[in-house]
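Below: the structure, in structure tokens.
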Amino acid sequence: MSATATKQPNWFSRLAHPGHFLNWTRFLVWPLAVATAISFAVGLWFAFLNSPEDYQMGDMVRVMYVHVPNAWLSQFVYGVMFAAALGSLVWRHPLADVANKAAAPLGAAFTALALYTGALWGRPTWGTFWEWDGRMTSTLVLLLIYLGIIALWRAFDDQIKAGRIVAIVTLIGGINIPIIKFSVDWWNTLHQPASVFTADGPRMPASLLTPLLVMMLAFTLLGILLGLVRMRTEILRRRADSMSRQAAIGATR
Amino acid sequence: MTAFSALLARELKLAFRAGGEAMVLVLFFVMVGVIVPFAIGPDRPMLTRLSPGIVWIAAFLSTLLGLDRLFRADDEDGSLVLLRHSVLPLEAIVFGRLIAHWLVTAVPLLLATPILALLLNMSMDQLARTALALLIGTPALTAFGALGAAVTVGLRRGGLVAPVLILPLAIPVMIFGVGMMDPLAGGGATLFLLALSLVVTAFSPFLAALALRAAGE
């Protein structure tokens, strides 16, 4: 160890060191928080004051600026967790477990918000809070997967062991999500041929697209910021745990 | 006798000699089917329409109920540690356990399906399709269950967490299983269910063995 310790480790293994991580993220939290606040301010200004009403939905179209970013993050967070799961299984990256643990409740919260805002949007526009539509159903299943992962994290006493097991479950879930998505779409077309959704994407005018993109940026920044803070908290909590354990050993001697 | 068949023989012997749990599972399966008419009423045409779904829910629940006996007892009495040091790789051991578990828990359900069909006023066509769907789909359920059992093997509260983890993942099995009832899309559903079953059965021994190793570290 002493022979290799003099060599400067590459950035990847430097990243793996919790102490290094705490050091370089310390200067990242506040700038990120400011950037998040600014983009939320700009995005909300656009969304509420500087964007037109929809000719059909009226003011209800503004729900989109909250709903779509949450739906995007519900999938983005799972992508991050999937990468973290690979990181902890392949490289045994110590921070990957922490990232997975930090991200799971965030993903669940964003998914729940996407479903909640979707329900609020659906009531006045489609006349129902809930429809067993393909996209909504697979989002609901995604929420259940997030909640299962959180339950698994909480069921373990030993968080180190939990990290590897949860990584395996995250991997299984990640492989399964496309299958679930496909099967739900298949099931949906089997049961209700007329879908309420129409494929609207790039056909959106720029006056609606600009606020949407700004809000998506704002929510993504918020997700990254909350994830970083949660990771820092988790590292410090583990450090405090091991310190109190060492203190207990010292006390009995 | 190879090590693999010896393992299979051990599992089957254990299952048949230790208290007839398979019979209890079948009993549970039939009971779930029996209580549904009390909940929704004895309307025969409605029961006919709902019967494939009821049978699938009963199969789901009994699979979840039987999960705990997959690895937990072996983990508690230490035989899992011994098995990890045997000539067979852990993946093969998990696969053998999977086959034995399917033979002991899923095949009795298949045999009990006609009883439910009688009680739920199923047509002959529905019964044939449901039995075929269960035959194709239960290996996937067992394989998903093995994953759930493997990741929760060392947990005191694992018995409750495993179903919560497994249920959302196993939704496609139910979708395609019930989809086989459809006269038009049934063929596609059969192929999808077959594909899903094969893929999950092929992958789960590796992932479950990974989890068992991580839990044993």
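Chain letters run A, B, ... following the sequence lines, proteins first, then strands; residues in each count from 1. We use all heavy atoms of the structure for the numbers below, so side chains are in, but hydrogens, waters and symmetry mates are not. Only a predicted model underlies this, so the values are computations on that prediction, with no experimental measurement involved.
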Would you give the length of the straight line joining atom [atom1] of [X] to atom [atom2] of [Y], rounded to the nearest 0.5 angstrom?
{"X": "Asp157(A)", "Y": "Leu155(B)", "atom1": "CG", "atom2": "CG", "value": "8.0 Å"}
{"X": "Ile175(B)", "Y": "Thr137(A)", "atom1": "CD1", "atom2": "OG1", "value": "8.0 Å"}
{"X": "Ile175(A)", "Y": "Leu207(B)", "atom1": "CD1", "atom2": "CG", "value": "6.0 Å"}

Exercise. Please look at Leu147(B) and chain A and tell me whether the side chain, the backbone, both or neither of the residue comes under 4.5 angstrom of a heavy atom of that chain.
Key: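 Contact with chain A: side chain only.
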
Quiz item: Using non-hydrogen atoms only, which part of Leu167(B) is less than 4.5 Å away from chain A: side chain, backbone, both, or neither?
Solution: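 When you check distances to chain A, no heavy atom of Leu167(B) falls under 4.5 Å.
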
Practice problem: Determine, stepwise, if the pair Ser183(A) / Phe176(B) fulfils side-chain contact (heavy atoms from CB on, under 4.5 Å). | Solution: CA-CA 7 Å; Ser183(A) 68; Phe176(B) 293 130; 3.5 Å; yes

Nearest heavy-atom neighbours spanning [X] and [Y]:
{"X": "Ala155(A)", "Y": "Val161(B)", "answer": "CB-CG2, 3.9 Å"}
{"X": "Leu152(A)", "Y": "Val151(B)", "answer": "CD1-O, 4.5 Å"}
{"X": "Ala214(B)", "Y": "Lys161(A)", "answer": "O-CG, 3.8 Å"}
{"X": "Pro168(B)", "Y": "Ile180(A)", "answer": "O-CD1, 3.6 Å"}

Quiz item: Under a 4.5 Å heavy-atom cut-off, does chain B meet the side chain of Val166(A), its backbone, both or neither?
Solution: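 It is neither, since no heavy atom gets under 4.5 Å.
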
Quiz prompt | Region of Ile168(A) in contact with chain B, defined by heavy-atom distances below 4.5 Å | solution =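 For Ile168(A), the contact with chain B is made by the side chain alone.
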
Practice problem: Select, from Val169(A), Leu147(A), Leu144(A), Ile172(A), the one with the greatest count of heavy-atom pairs under 4.5 Å involving chain B. | Solution: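 The candidate making the most pairs under 4.5 Å is Ile172(A).
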
Quiz prompt | Selection from Leu196(B), Val164(B), Asp182(B), Ile171(B) maximising heavy-atom pairs under 4.5 Å formed with chain A | solution =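 Ranked by heavy-atom pairs under 4.5 Å with chain A, first place is Asp182(B).
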
Quiz item: Has Arg44(B) got more than 12 heavy atoms of other residues, nucleotides or ligands less than 6.0 Å from its CZ?
Solution: no

Quiz item: Is the CZ atom of Phe110(A) crowded by more than 12 outside heavy atoms at less than 6.0 Å?
Solution: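 Atom CZ in Phe110(A) is crowded, with more than 12 foreign heavy atoms closer than 6.0 Å.
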
Quiz item: Are Asn176(A) and Phe144(B) close enough, and set up right, to give a side-chain contact (heavy atoms from CB on, under 4.5 Å), and what steps lead you there?
Solution: CA-CA 11 Å; Asn176(A) 226 318; Phe144(B) 273 122; 3.1 Å; yes

